[in-house]
Number of protein chains: 2
Amino acid sequence: MINRLDARAKRSQKALMKAGMEKLNENPEATLSDIASHAGVGRATLYRQYETREKLILAIAIDCFDIIDEATASIEGKARNALDAIRMMFEHITPLTREFQFLMNLERVIKNDPQIASINKKHRTQMIDLVEYAKKKGEVDKAYPTSWIVNLIEGLFYAGWVQLQQEGSNPEEVAGLAFKTFCQGVAIQR
Amino acid sequence: MINRLDARAKRSQKALMKAGMEKLNENPEATLSDIASHAGVGRATLYRQYETREKLILAIAIDCFDIIDEATASIEGKARNALDAIRMMFEHITPLTREFQFLMNLERVIKNDPQIASINKKHRTQMIDLVEYAKKKGEVDKAYPTSWIVNLIEGLFYAGWVQLQQEGSNPEEVAGLAFKTFCQGVAIQR
DNA sequence: CCGATATGATACAAGTATGTCTCACTTAAT
DNA sequence: ATTAAGTGAGACATACTTGTATCATATCGG
């Protein structure tokens, strides 16, 4: 088993990614000095691990996507149907507030990177496929454009993120609210 | 009728606010040089009209709120019920993509200002009142927390904004999708 | 244990944004 | 037409961030 990285370098990277996520979530214009000192490493070390500011942001963003992918990996095998898969998406992604916030805030910075573009495209394609499958199975109303449903899910993640920022509500409860709203809305039917 | 501002100053301010909105929407870190030259005025003039970068951003943000307030002013008189008022909110605010984007992107910068805080608080209170009125009238499901409904509306604005960025869909259509989703969700009822 | 490698601290260069100031010139107000 | 005010252009000081380089020290891997 070949370890390409020295244990010290690995520690530095981990600390820098964590500090970067935190500081950049607080303020997307946080300086590399801020991030390095918050990580407890020298600024020079940051530059040794990440050539530029953008490379650091990119590394963190890719880590966020990995975490999301990992959280949703089990869905495909377990979901009983398309709607259940969407329910599980809310359940598994809603708790990842830091990752969601990071990707949302720094989208503008990272979206031009080809690797990020590729990941985004893959995710979007998966969502489109899932929604169209749900439509075909009669679980989702065909009257809505697929693109709207996909964007709606994004919007519900956002609403859930805001909700979690505001109060002492827990992710499970919020995910439930989001999914219920997704299915039946909030008006009284008559 | 007293005009406190010279016509030239008024022109400069108008051009700077417009250019600021555009440039800062493209890139929240746009420089004051960028904004001034895009507005067709000298950088010194920008500083004459707005003491600091933050003052400019603040002025634009307040203008955005004014535009939103203006767009929604007619609702109270016209709406037939609470749900209809919410429908009209989607209808009137969804087209204001530039204002929505600006307030969303620069929230972090402006939220510490007392004037902005006051406006935000007022808007939130109005939304809470509207939702609780809708609940009382049996138009909205009391099982949902009011805070969730308020955040949901914000999330649907966001989804609508994304939808309008992506395709050739028009605001009226998107507002309709958002409101229908708000009421009944997107799943097939059984 | 010892060689290789990462680190911290620091100095340094370069670029850039902010904010102030001045002055000649143009435009508005009455 | 005359006065008052705003403007454009540019110089200037300041501060800050990025990115590079160096060197003594500490830590890792084998």
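Proteins get letters first, then strands, A, B, ... in listed order; numbering begins at 1 in each. All heavy atoms count here, side chains included; hydrogens, waters and symmetry mates do not.
- In summary, of the residues considered (A:Ile128, A:Val140, A:Ile86), a side-chain contact (heavy atoms from CB on, under 4.5 Å) with A:Ile149 occurs for A:Val140 alone.
- Atom CD of A:Glu29 and atom P of D:dC16 are 16 Å apart (whole Å).
- Set against D:dT18, C:dA9, D:dG8, the side chain of B:Val41 has D:dG8 as its closest nucleotide.
- Relative ring orientation between A:Trp161 and A:Phe100 is described as tilted, the plane-to-plane angle lying within the 30° to 60° band.
- Nucleic acid contact for A:Gln49: sugar-phosphate only, since backbone atoms but no base atoms lie under 4.0 Å from a heavy atom of the residue.
- Note: CG (B:Leu56) to P (C:dT18) measures 10 Å, nearest angstrom.
- Note: OH (B:Tyr50) to P (D:dT7) measures 11 Å, nearest angstrom.
- With hydrogens and angles ignored, no donor-acceptor pair closer than 3.5 Å exists between the side chain of A:Arg8 and the base of D:dG29.
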Inset, instruction - Verify salt bridge (Lys or Arg N to Asp or Glu O under 4.0 Å) between A:Glu132 and A:Lys135, making sure each step is shown before the conclusion. - result: CA-CA 5 Å; A:Glu132 299 207 319; A:Lys135 279 185 174 179; 5.3 Å; no
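- Counting only heavy atoms from C-beta on, A:Ala44 has its side chain closest to D:dA21 among D:dA21, D:dT20, C:dT7.
- Rounded to a whole Å, the CG atom of A:Asp6 is 9 Å from the C1' atom of C:dA4.
- Atom CG in A:Leu5 sits roughly 12 Å away from atom C1' in D:dC28 (whole-Å rounding).
- If you take CG of A:Leu46 and C1' of C:dT7, they are 13 Å apart, rounded to a whole angstrom.
- With rounding to the nearest 0.5 angstrom, the CG atom of A:Leu156 is 14.0 Å from the NZ atom of A:Lys180.
- Between the P atom of D:dT17 and the CD1 atom of A:Ile35 lies a distance of 11 Å, rounded to the nearest Å.
- Within the nucleic acid shown, A:Ala7 comes within 4.0 Å of sugar-phosphate atoms alone, with no base atom in reach, counting heavy atoms only.
- Between B:Ser169 and A:Trp148, the side chains place no donor N or O within less than 3.5 Å of an acceptor N or O (distance only, hydrogens not considered).
- Closest to the A:Leu32 side chain, of the nucleotides C:dA17, C:dT7, D:dG19, is D:dG19.
- Between the side chain of A:Arg43 and the base of D:dG19, at least one donor-acceptor pair of N or O atoms lies under 3.5 Å.
- Side chain of B:Thr52, nearest nucleotide from C:dG19, C:dT7, D:dT7: C:dG19.
- Phosphate contact (OP1/OP2 of C:dG19, side-chain N/O of B:Arg48, threshold under 4.0 Å): absent.
- If you find the closest nucleotide of DNA chain C to A:Gly40 and to B:Ser33, the one lying nearer the 5' end belongs to A:Gly40.
- Atom CD in B:Glu54 sits about 19 Å away from atom P in C:dA17, given to the nearest Å.
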